[in-house]
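To start, the structure itself, in structure tokens.
As the structure lists them, so they are numbered: ligands from 1, and atoms in each ligand from 1. For the single chain, residues carry numbers from 1 onward in sequence order. Note that the structure is predicted; figures quoted are calculated from it, not measured.
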Amino acid sequence: MTAQSIGKIAVLMGGTSAERPVSLRSGDAVFSALKSVGADVVAIDVQAHAISQLTELDFDIAFIALHGRGGEDGTIQGVLEWLDKPYTGSGVMASALAMDKWRTKMIWQAAGLPTPTAFLLEDNSDWSGLINALDLNAIVKPAREGSSIGMRRVHNADELKNSYEFACEYDGMVLAERWVEGREFTVAIVDGEALPVIQLKTSHEFYDYDAKYEANDTEYLLPSELSEIEERHLQQLALKAFDILGAQGWGRIDVMQDRSGDFWLLEANTSPGMTDHSLVPMAAKAHGLDFSALVLRLLTEAKQRHGH
Ligand SMILES: Nc1ncnc2c1ncn2[C@@H]1O[C@H](COP(=O)(O)OP(=O)(O)O)[C@@H](O)[C@H]1O
Ligand SMILES: [Mg+2]
């Protein structure tokens, strides 16, 4: 489909989540790419009154460049369903599910897919019992946040409790997950296909906010160091993890590999970063799809899906 035949495109960006600054960058990149190929495009900084913003806007299809709650969690998707407008990425259910790392884990476990053991934390958790059950090596995460915000690695009961309190500043739902020592990968999925795997190397303890957006020593290995067989295995695992959540269109699955070679699913992203330095565009490029071709492919898939 050409840029012109897609119709009037609204790029939804910004939003009110903690990932707003990243989303503004994603939205700008998508908007510029669409402009450069001559598309009819308008950029919308989604505010708290999103419903009236979208109702008043004249558009044919939405590119969702929002990240985090409000934009990646099924709520904006629900508004677009009611407006009967096609939009990129997953629908209401999978967006809501993937936003919640705890319930994502429940589904993956039920499907027999590998994901590290984790516990939900509460004010009166048995801190020493839990940290022992996690082999004194865990990561505490807000369940519905992104960009590594609110996360800390922990080794003892005191750190577990303090990190729980820290994570609570971002979300009332917090989990402690067994730490996986080893290599980190991410698998981009576009239109039913797993793209070449990217391996992430950081000098930080983990791929934290700074390593993601600020540091200039974060390495992205593409091709990854995996053997061809391992790479294909990981791509299949990522596709299964994506499909079992009911995710659609595009997304990214984050994975660790332990020292014995086993893969462990961390999370699914249903509206990943789209800056020109982001991971999905990087994988797409290695697959022969430049940034604007990727954006057009996502819009085309969304439009075709809506027609069915
Ligand atoms: N169980 C784990 N073991 C080791 N590192 C982890 C684990 N969970 C998360 N990490 C590190 O933290 C980063 C962010 O975690 P992730 O679950 O992907 O959340 P998000 O990207 O939504 O903030 C990962 O990219 C990885 O570097
Ligand atoms: Mg992640």
Less than 3.5 Å apart, any donor N or O on the side chain of [X] or [Y] sitting next to an acceptor on the other?
| X | Y | value |
| --- | --- | --- |
| Asp254 | Thr186 | yes |
| Thr275 | Ser278 | yes |
| Ser5 | Thr2 | yes |
| Ser95 | Glu72 | no |
| Ser147 | Lys212 | no |
| Tyr164 | Asp123 | yes |

I need the nearest protein heavy-atom contact for [atom]: residue, atom name and distance, please.
| atom | value |
| --- | --- |
| atom 22 (O) of ligand 1 | Lys101 NZ, 2.8 Å |
| atom 4 (C) of ligand 1 | Val180 O, 3.4 Å |
| atom 10 (N) of ligand 1 | Ile139 CD1, 3.7 Å |
| atom 14 (C) of ligand 1 | Ser148 OG, 3.3 Å |
| atom 19 (O) of ligand 1 | Met151 CE, 3.1 Å |
| atom 16 (P) of ligand 1 | Glu267 OE2, 3.7 Å |

Atom of Asp254 nearest the Mg ion (ligand 2) (restricted to N/O/S, atom name only):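 This residue's closest N, O or S atom turns out to be OD2.
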Of the N, O or S atoms in Glu267, the one nearest the Mg ion (ligand 2):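 Answer by atom name: OE2.
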Short N or O distance, [X] and ligand 1, threshold 3.5 Å exclusive:
| X | answer |
| --- | --- |
| Ser147 | yes |
| Phe206 | no |
| Lys141 | yes |

Strictly under 4.0 Å, does any heavy atom of Arg153 approach an atom of ligand 1?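 No; Arg153 lies far enough from ligand 1 that no heavy-atom distance drops under 4.0 Å.
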With Lys85 as the cation and Phe59 as the aromatic partner, state whether NZ or CZ is under 6.0 Å from the six-membered ring centre and within 45° of the axis.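 The answer is yes, since Lys85 meets both limits relative to Phe59.
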Is the cationic atom of Arg153 (NZ for Lys, CZ for Arg) positioned less than 6.0 Å from the six-membered ring centroid of Phe206 and within 45 degrees of its normal?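 Judged by the rule, Arg153 and Phe206 form no cation-pi pair.
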Numbering as shown, the atoms of ligand 1 that approach [X] to under 4.0 Å (heavy-atom distance):
| X | result |
| --- | --- |
| Glu145 | 22 (O) |
| Asp254 | 18 (O) |
| Gly146 | 22 (O), 23 (O) |
| Glu177 | 1 (N), 2 (C), 7 (C), 8 (N) |
| Tyr207 | 13 (C), 25 (O), 27 (O) |

Stepwise, does the side-chain hydrogen bond (donor to acceptor under 3.5 Å, both in side chains) test hold for Asp258 with Trp264? CA-CA 8 Å; Asp258 68 22; Trp264 298 94; 2.9 Å; yes
Checking heavy atoms under 4.0 Å, the part of Glu184 that sits near ligand 1 is side chain
Using a 4.0 Å heavy-atom cut-off, say whether Lys212 meets ligand 1 through its side chain, its backbone, both or neither.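 Near ligand 1, Lys212 shows its side chain, while the N, CA, C and O stay back.
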Name the residue from Gln199, Glu184, Glu181, Arg183 that meets the side-chain hydrogen bond (donor to acceptor under 3.5 Å, both in side chains) definition with Gln257.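 Passing option: Arg183.
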Parallel under 30°, tilted from 30 to 60°, perpendicular over 60°: which one fits the rings of Trp250 and Phe63?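 Trp250 and Phe63: tilted rings.
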Do Phe263 and His233 have ring centroids that are under 6.0 Å from one another?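 Centroid distance His233-Phe263: below 6.0 Å, so yes.
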